[in-house]
Amino acid sequence: MPRRLVCALAALLAAGCGSGSADANEDGGGAVRAAGEAMQSAGAAAGAGHEVPEGLTWIAVRDINRVYDDDNNPTNRPPLIDQAPQDMIRLVDVSPDGRDDWLLDYTEAGSTQWCGTGGCRHRLFASTPDGLVQVFDANANEVVAEGDGRVRARVHHTYCEGQSGPGDCEIEMTYDAAARRLVVVTGDEDFNPMGWTSSQ
């Protein structure tokens, strides 16, 4: 538990154990207020590490608005958005360094622009000492970061050769921190974790 929160709780308990005099009640009220403020501050500090980086929000907003670009008919479009849809940007655990990693899931973008028979575009950003780096940018039905550098993706059946059963395939990857990329460990070696970027 953060030290500031422990101190806040101690102050709150001490205030509740004071005498019944008017002075003690006034002091107790001040202590309670101080404890409440300290707890709010500690809570804000604890949540601050998980705020979505602005740059990722800009990417999501830009991509969604860009779908409707039409210089020949600029009024035929929905209103501009200024924030990413809920659940499009999610906190995940890719690089085992204790820093926040992020997944952009275009399934939640509200458009089929990024989707096809192989699922929707997913973009995975891993933390590095220099900031975030994109390590996955491809279509998938699901991308799961399992921690300790392990990532699993359900992808199009064309990558299923040698796997039993119909439908999607599982591609298992591991994060190479030195190379700052995902490496296919299990599944079709032709699968490119950066396929979307490579095709542009």
(message) Restricting to non-hydrogen atoms, name the atom on A140 and the atom on A153 that form the minimum distance, rounded to 0.1 Å.
(response) CB-CB, 4.5 Å
(message) Ignoring hydrogens and geometry beyond distance, is a side-chain donor-acceptor pair present between T128 and D130 at under 3.5 Å?
(response) no
(request) To the nearest 0.5 Å, tell me how far D70 CG sits from R77 CZ. (result) 9.5 Å
(message) Taking V94's backbone N and O only, do any of them form a donor-acceptor pair with D101's side chain (distance below 3.5 Å, no angle check)?
(response) yes
(message) Under a 3.5 Å cutoff, is there a donor and acceptor pairing between the side chains of Y68 and N76?
(response) no
(request) Would you give the length of the straight line joining atom CG of L182 to atom CD of E172, rounded to the nearest 0.5 angstrom? (result) 12.5 Å
(message) Once salt bridge (Lys or Arg N to Asp or Glu O under 4.0 Å) is applied, what residue pairs with a partner in residues 141-151 remain, sequence neighbours excluded?
(response) E142-R154, E146-R150, E146-R152
(request) Side-chain contact test, heavy atoms from C-beta onward, threshold under 4.5 Å: evaluate it for Y175 versus V151 and give yes or no. (result) no
(request) Would you check, one step at a time, whether the test salt bridge (charged side-chain N to carboxylate O under 4.0 Å, His left out) holds for R66 with D69? (result) CA-CA 5 Å; R66 193 164 57 187; D69 280 352; 5.6 Å; no
(request) Heavy atoms only: give me the nearest V92-A145 pair and the separation to one decimal. (result) CB-CB, 3.8 Å
(message) Can you confirm whether N141 sits close enough to V155 that some side-chain heavy atom of one is under 4.5 Å from a side-chain heavy atom of the other?
(response) no
(message) In the structure I gave you, are the side-chain heavy atoms of N73 and T75 within less than 4.5 Å of one another anywhere?
(response) yes
(message) I'd like to know if the side chain of S95 reaches the main chain of S127, judged simply by a donor and an acceptor atom lying under 3.5 Å from each other, with no hydrogens or angles considered.
(response) yes
(message) Checking L132 against L56 for the side-chain contact (heavy atoms from CB on, under 4.5 Å) test, could you report, in this order, the C-alpha distance in whole Å, the side-chain angles of both residues, the deciding distance, and whether it holds?
(response) CA-CA 10 Å; L132 295 174; L56 295 184; 4.0 Å; yes
(request) Would you check if R121 and Q113 make a side-chain contact, meaning some heavy-atom pair closer than 4.5 Å? (result) no
(message) So, taking the atom named CZ in F191 and the one named OH in Y159, what distance separates them when rounded to the nearest 0.5 Å?
(response) 6.0 Å
(request) Please round to the nearest 0.5 Å and tell me the distance separating atom CG of L103 and atom CG of D87. (result) 11.0 Å
(message) Can a donor-acceptor pair be found, under 3.5 Å and without considering hydrogens, that links the side chain of N139 to the backbone of G119?
(response) yes
(request) Provide the closest heavy-atom pair for V52 versus T57 in the form atom of the first, atom of the second, distance. (result) CG1-OG1, 3.5 Å
(message) To the closest 0.5 Å, what do you measure between NE2 (H122) and CG (D137)?
(response) 11.0 Å
(message) Measuring from atom CD of E108 to atom CD1 of I89, what distance do you get when rounded to the nearest 0.5 angstrom?
(response) 11.5 Å
(message) Measuring only between side-chain heavy atoms, which start at C-beta, is L124 closer than 4.5 Å to W102?
(response) no
(message) If I compare all heavy atoms of M173 with all of V184, which pair ends up nearest, and what's the gap?
(response) CG-CA, 3.9 Å
(message) Checking R123 against D105 for the salt bridge (charged side-chain N to carboxylate O under 4.0 Å, His left out) test, could you report, in this order, the C-alpha distance in whole Å, the side-chain angles of both residues, the deciding distance, and whether it holds?
(response) CA-CA 7 Å; R123 303 175 77 177; D105 181 354; over 6 Å; no
(message) When you compare the side chain of I64 with that of R62, does any pair of heavy atoms fall below 4.5 Å?
(response) no
